[in-house]
J.: 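Before I ask anything, let me first share the structure, which is written out below as structure tokens.
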Protein chains: 2
Amino acid sequence: MVAGPLPAPSGPGKDRLRLWVRLLRASRSIEAELRERLRQEFNTTLPRFDVMAALYRVPEGMLMSDLSRFLLVSNGNVTGIVDRLVSEGLVARARRNGDRRTSMVRLTEEGSKAFAVIAAAHESWIGELLGNVSEDEARRLTGMLNSFRSNWEGRE
Amino acid sequence: MVAGPLPAPSGPGKDRLRLWVRLLRASRSIEAELRERLRQEFNTTLPRFDVMAALYRVPEGMLMSDLSRFLLVSNGNVTGIVDRLVSEGLVARARRNGDRRTSMVRLTEEGSKAFAVIAAAHESWIGELLGNVSEDEARRLTGMLNSFRSNWEGRE
DNA sequence: GTAAATTATTTCAAGCTTGAAGTTTCATAA
DNA sequence: TTATGAAACTTCAAGCTTGAAATAATTTAC
């Protein structure tokens with residue numbers, strides 16, 4: 001047990017606050033479960049998975065800064081994760097002729113094959129973890145989440 | 001711009017997958033914004049805020065393990081955050097007579113005062129960031145999030 | 001009563017994450 | 001040109017996070 005019965009907060013704005021708390025708890029629990037399974041079954045991590053998922057959609061590769069923007073994490077962060085993926089042979093950096101500051105980052109053949117397997121498992125896990133949500137309900141929830149996205153997106 | 005036009009994925013389960021992606025992006029963007037503001041305006045962090053928020057509701061304090069369960073983070077994690085809060089004088093550990101393994105963790109007077117101020121700002125930030133959601137819509141979304149919680153909650 | 005199992009917590013190494021500072025390369029313009 | 005500034009990355013220190021191992025105290029089973 002934890003922390004006794006809470007007095008339900010009330011007042012203006014409390015419903016938004018409650019929504020935020022739920023949203024956060026939902027994504028944290030699901031993330032924790034995914035992280036655990038990725039570790040157990042594929043000996044990898046969520047950040048590595050995220051990077052590979054981003055790259056998988058774009059065979060020609062992405063710039064580090066695009067990767068960072070897309071994943072909503074800092075530049076330095078991506079550097080470290082990509083370093084590790086490179087050392088595992090799943091990702092490659094390719095210097096570009098045009099601009100020597102940048103490098104195209106892409107999945108290797110091996111990385112691409114590995115990701116396809118993990119992604120299939122990942123999708124079925126999501127199906128399982130969100131099993132209580134009908135496909136129809138999922139679409140409506142997605143729509144509602146979209147509808148208030150503009151309020152903070154592209155802020156930082 | 002990033003990563004060209006994506007082919008919209010389709011097939012069984014794709015709507016749940018898309019919902020998960022939206023959920024994750026929503027909570028990550030909001031989290032990033034909150035973290036930034038907590039740092040800028042109060043020189044603190046989200047994990048510290050979370051711990052203080054949990055303790056604020058329970059004047060008599062919580063056990064480390066309850067804190068960890070409540071916040072959905074590991075035991076060792078809480079130890080570090082509480083250590084830092086203690087060294088800042090915002091939180092205190094109290095040994096218990098009954099069970100010498102455990103200690104009650106609670107906000108100090110100073111911690112409680114500090115938190116009240118931060119929490120007020122936090123709530124207004126949420127109101128602002130979720131401004132596009134009407135209170136009514138917030139209640140409905142919260143309900144939908146509740147409805148599929150049971151599927152994974154209490155798993156790990 | 002005492003050995004064994006359980007529970008509460010801390011410690012630790014490895015990895016993730018950020019924001020700031022530093023490096024290299026490119027673009028602009030006097 | 002060549003300085004000046006901007007852009008793409010990397011490096012770094014500090015903090016967050018996890019899972020596993022270690023410690024200490026309590027409970028259970030015999």
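What you see below is based on every heavy atom in this structure, not just the backbone, and it leaves out hydrogens, waters and symmetry mates. Note on naming: letters A, B, ... go to the chains in the order of the sequence lines (proteins, then strands), and numbering restarts at 1 for each one.
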J.: Could you tell me how far apart A:F70 (CZ) and D:dA8 (P) are, to the nearest whole angstrom?
T.: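 Roughly 18 Å, once rounded to whole Å.
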J.: Between A:T79 and D:dT10, is there a side-chain N or O to OP1/OP2 distance below 4.0 Å?
T.: yes
J.: Which comes earlier along DNA chain C counting from the 5' end, the contact point of B:R35 or that of B:G76, where each point is its nearest nucleotide?
T.: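 In this pair, the answer is B:G76.
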J.: What's the verdict on side-chain hydrogen bond (donor to acceptor under 3.5 Å, both in side chains) for B:R22 and A:T142, showing C-alpha distance, side-chain angles and the deciding distance?
T.: CA-CA 7 Å; B:R22 287 272 179 251; A:T142 302; over 6 Å; no
J.: Considering only heavy atoms from C-beta outward, does the side chain of A:R37 approach that of A:L129 to under 4.5 Å?
T.: yes
J.: Looking only at the side chain of A:D99 (C-beta and beyond, no hydrogens), which of the listed nucleotides C:dT25, C:dT10, D:dT18 gets closest?
T.: C:dT25
J.: Categorize B:L46 for me: base, sugar-phosphate, or nothing, with a 4.0 angstrom heavy-atom threshold over every strand shown.
T.: nothing
J.: Ignoring backbone atoms, establish whether A:R93 has a side-chain N or O less than 4.0 Å from OP1 or OP2 of D:dT10.
T.: yes
J.: Round to a whole Å and report the spacing from CD1 of B:I81 to P of C:dT11.
T.: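 Atom-to-atom, B:I81 to C:dT11, this comes out as 15 Å.
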J.: Round to a whole Å and report the spacing from CG of B:L71 to P of D:dT18.
T.: 10 Å
J.: To the side chain of B:R101, which of C:dT7, C:dC16, D:dT17 is closest?
T.: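 Of C:dT7, C:dC16, D:dT17, C:dT7 is nearest to the side chain of B:R101.
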J.: State whether A:S65 places a side-chain N or O below 4.0 Å from either non-bridging phosphate oxygen (OP1 or OP2) of D:dC9.
T.: yes
J.: So which nucleotide from C:dT25, C:dA20, D:dT10 ends up closest to the side chain of B:R39?
T.: C:dA20
J.: Has the side chain of B:S29 got a donor or acceptor atom that lies under 3.5 Å from a matching backbone atom of B:R25?
T.: yes
J.: Any base atoms under 4.0 Å from A:T102, or only sugar-phosphate, or nothing? Heavy atoms, all strands.
T.: sugar-phosphate
J.: Please tell me which of the listed nucleotides, C:dC16, C:dT10, D:dC9, lies nearest to the side chain of A:L63?
T.: D:dC9
J.: Looking at A:N75, I'd like to know whether one of its side-chain N or O atoms comes within less than 4.0 Å of OP1 or OP2 on D:dC9.
T.: no
J.: B:E41 has an atom CD; how far is it from atom C1' of C:dG19, in whole Å?
T.: 17 Å
J.: For DNA chain D, whose closest nucleotide is more 5', that of B:T45 or that of A:Q40?
T.: B:T45
J.: Report yes if some heavy atom in the side chain of A:E128 is under 4.5 Å from a heavy atom in the side chain of A:E33; otherwise report no.
T.: no
J.: Is NZ or CZ of A:R48 both nearer than 6.0 Å to the six-membered ring centre of A:F42 and within 45° of the ring axis?
T.: no
J.: Nearest-nucleotide wise, let me know which of B:V73 and A:V78 is further upstream toward the 5' end of DNA chain D.
T.: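 Result: A:V78.
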J.: Choosing from D:dT26, C:dT25, D:dT10, which nucleotide comes nearest the side chain of B:R100?
T.: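 Nucleotide nearest to B:R100's side chain: D:dT26.
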J.: What does A:R48 touch in the nucleic acid at a heavy-atom separation under 4.0 angstrom: a base, only the sugar-phosphate, or nothing?
T.: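 Sugar-phosphate, backbone atoms only, no base.
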J.: Let me spell it out: for each of A:G98 and A:G80, pick the nucleotide of DNA chain C with the closest heavy atom. Which residue's pick is nearer the 5' end?
T.: A:G80
J.: Just so I know, are the side chains of A:R16 and B:E135 near enough to count as touching, which here means a heavy-atom distance under 4.5 Å?
T.: yes
J.: Among the nucleotides D:dG19, C:dG19, C:dT10, which one has an atom lying closest to any side-chain atom of A:E36?
T.: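 That would be D:dG19.
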J.: Choose from D:dC9, D:dT18, C:dC16 the nucleotide whose nearest atom is closest to any side-chain atom of A:R84.
T.: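 Of D:dC9, D:dT18, C:dC16, C:dC16 is nearest to the side chain of A:R84.
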